[in-house]
There are 2 protein chains.
Amino acid sequence: MIDKLKEQDYRLTPQRLAVLKILAGSDAHPSAEHIYEQVKVDFPMTSLATIYKTLTLLKEIKEVLEISIGDDHNHYDGRRPYPHPHLICNACKKIIDADMVDLSKVSQHLAKKTGYRITNYQINFFGICPLCQKKV
Amino acid sequence: MIDKLKEQDYRLTPQRLAVLKILAGSDAHPSAEHIYEQVKVDFPMTSLATIYKTLTLLKEIKEVLEISIGDDHNHYDGRRPYPHPHLICNACKKIIDADMVDLSKVSQHLAKKTGYRITNYQINFFGICPLCQKKV
DNA sequence: ATATTTATCGATAATGATTCTCTGTTTTGA
DNA sequence: TCAAAACAGAGAATCATTATCGATAAATAT
Ligand SMILES: [Mn+2]
Ligand SMILES: [Mn+2]
Ligand SMILES: [Zn+2]
Ligand SMILES: [Zn+2]
């Protein structure tokens, strides 16, 4: 991630490093607000706008994946910055990766059938996770 | 659609009928704003709030499907009010149904593997449609 | 038919995530 | 050493959606 920024002549500021650290250190798909709260622990004067600017930059260089689950705020995955399916619990709102399903074939089949040049996808399954099922 | 509303003791007002008519008569996945513009042709004093309230109602009784494509405004499908995949052109923004792929098996496989009780999904493929490819 | 209750409407304010703007600071490179 | 460019911070602006609330229309009871 750091290398990718250096390659493209972007500056490595403390604020950016802090955002990178949160993203790289979490597989919980944090929101911008959540990243902001975490970054403020070490850099209390950081602005929320800076978080958004950093996320926009990371999106552009394909180092972070933006996930919209219709929850009115987006989530970010810095661990797997390529399209992949997610599994969201409607009860506890946890978001996990659903790597066990491979949709590249589906995507290829769709492209062949329709003539579309498919460049991206966003796939979210919603339900109740095993833990929340127990909590009836 | 009308029957479903009657069954559940909702009133059939002219405004609601107008919204239903737009939804039933279009497979273009219109936005709330677009529905609003269309409804205003026949009922010029209709409020945008009424459109949203009607859409919320139709969502609740499962007569319309809400689609979020990360475009900052939602789209609605009254023709196929159950989860199904979509194909979105990044150039002309057209949204079409991608019925040729069946994801019920994927969903079942995922449920079995993870223990989730899957109740819904939202699947969007993004790309360039054949028409926009020609326009290069 | 008239009164009463209740759902729905229209207008507009509020909300809240994200983006924009502007100013001051830091980094870069000659 | 110094000008140019990149970046950060603060807060205003945007804009889709929701909430509020008094007015109106439909349903129901008298
Ligand atoms: Mn992920
Ligand atoms: Mn559809
Ligand atoms: Zn859960
Ligand atoms: Zn197109």
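We name chains A, B, ... by the order of the sequence lines, and we start the count at 1 in each one.
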Original post:
Out of C:dA7, C:dT18, D:dC7, which nucleotide sits closest to the side chain of B:Arg11?
Top reply: C:dA7
Original post:
Would you say C:dT18 has OP1 or OP2 under 4.0 Å from some side-chain N or O of A:Tyr52?
Top reply: yes
**OP:** Working to the nearest 0.5 Å, report the span between CD1 of A:Ile67 and OH of A:Tyr76.
**Re:** 9.5 Å
**OP:** Nearest whole angstrom, please: distance from the P of C:dT27 to the CG of A:Leu12.
**Re:** 12 Å
Subject >> Rounded distance in Å - OH (A:Tyr36) to P (C:dG16) >> reply: 16 Å
Subject >> Candidates D:dT17, C:dT12, D:dC7 - which lies nearest the side chain of B:Ser47 >> reply: C:dT12
Subject >> Length of the NE2-C1' vector between B:His73 and C:dT19, whole Å >> reply: 17 Å
Subject >> Whole-Å gap separating P (C:dA7) and CZ (B:Arg16) >> reply: 11 Å
**OP:** For residues A:Pro85 and A:Val101, report the shortest heavy-atom separation together with the two atoms involved.
**Re:** CG-CG2, 3.6 Å
Original post:
Only one of B:Arg80, B:Met1, B:Lys59 forms a side-chain contact (heavy atoms from CB on, under 4.5 Å) with B:Val64, so which one is it?
Top reply: B:Lys59
Original post:
NA contact type, A:Ser31, heavy-atom cut-off 4.0 Å: base, sugar-phosphate, or nothing?
Top reply: nothing
**OP:** Supply the atom-to-atom distance B:Arg11 CZ to B:Arg16 CZ, rounded to the nearest 0.5 angstrom.
**Re:** 8.5 Å
Original post:
Between atom OG of A:Ser47 and atom OH of A:Tyr52, what is the distance when rounded to the nearest 0.5 Å?
Top reply: 11.0 Å
Subject >> B:Gln15 CD - D:dA25 C1' separation (whole Å) >> reply: 10 Å
Subject >> Per B:Ala49 side chain, nearest of listed nucleotides C:dT19, D:dG9, D:dA19 >> reply: D:dA19
Subject >> Whole-Å distance separating the NZ atom of B:Lys40 from the C1' atom of C:dA11 >> reply: 13 Å
**OP:** Might you confirm whether atom CD1 of B:Ile61 has over 12 heavy atoms from other residues, nucleotides or ligands at distances under 6.0 Å?
**Re:** yes
Original post:
Can a side chain N or O of B:Thr50 be found less than 4.0 Å away from OP1 or OP2 on C:dT8?
Top reply: no
**OP:** Whole angstrom is fine here: how far is it from CD in B:Glu33 over to C1' in D:dC15?
**Re:** 10 Å
Original post:
Relative to the 5' end of DNA chain D, which residue comes earlier, B:Leu48 or A:Asp9, by the nucleotide with the nearest heavy atom?
Top reply: A:Asp9
**OP:** Inspect the contact between A:Asp97 and A:Arg79 and indicate whether a charged nitrogen and a carboxylate oxygen are less than 4.0 angstrom apart.
**Re:** no
Subject >> Exceeds 12 heavy-atom contacts within 6.0 angstrom, atom NZ of A:Lys6 >> reply: no
Original post:
Atom OH of B:Tyr10 to atom P of C:dT6: distance rounded to whole Å?
Top reply: 17 Å
Subject >> Any residue of residues 74-97 of chain A with a heavy atom less than 4.0 Å from an atom of DNA chain C >> reply: A:Asn74
**OP:** Mind grabbing the angle between the end helix axes of the helix from C:dA1-D:dT30 to C:dA30-D:dT1? Five pairs an end, 10° rounding.
**Re:** 20°
**OP:** To the nearest 0.5 angstrom, please state how far the CG atom of A:Leu87 sits from the OG atom of B:Ser107.
**Re:** 9.0 Å
Subject >> Atom NE2 of B:His34: over 12 foreign heavy atoms under 6.0 Å >> reply: no
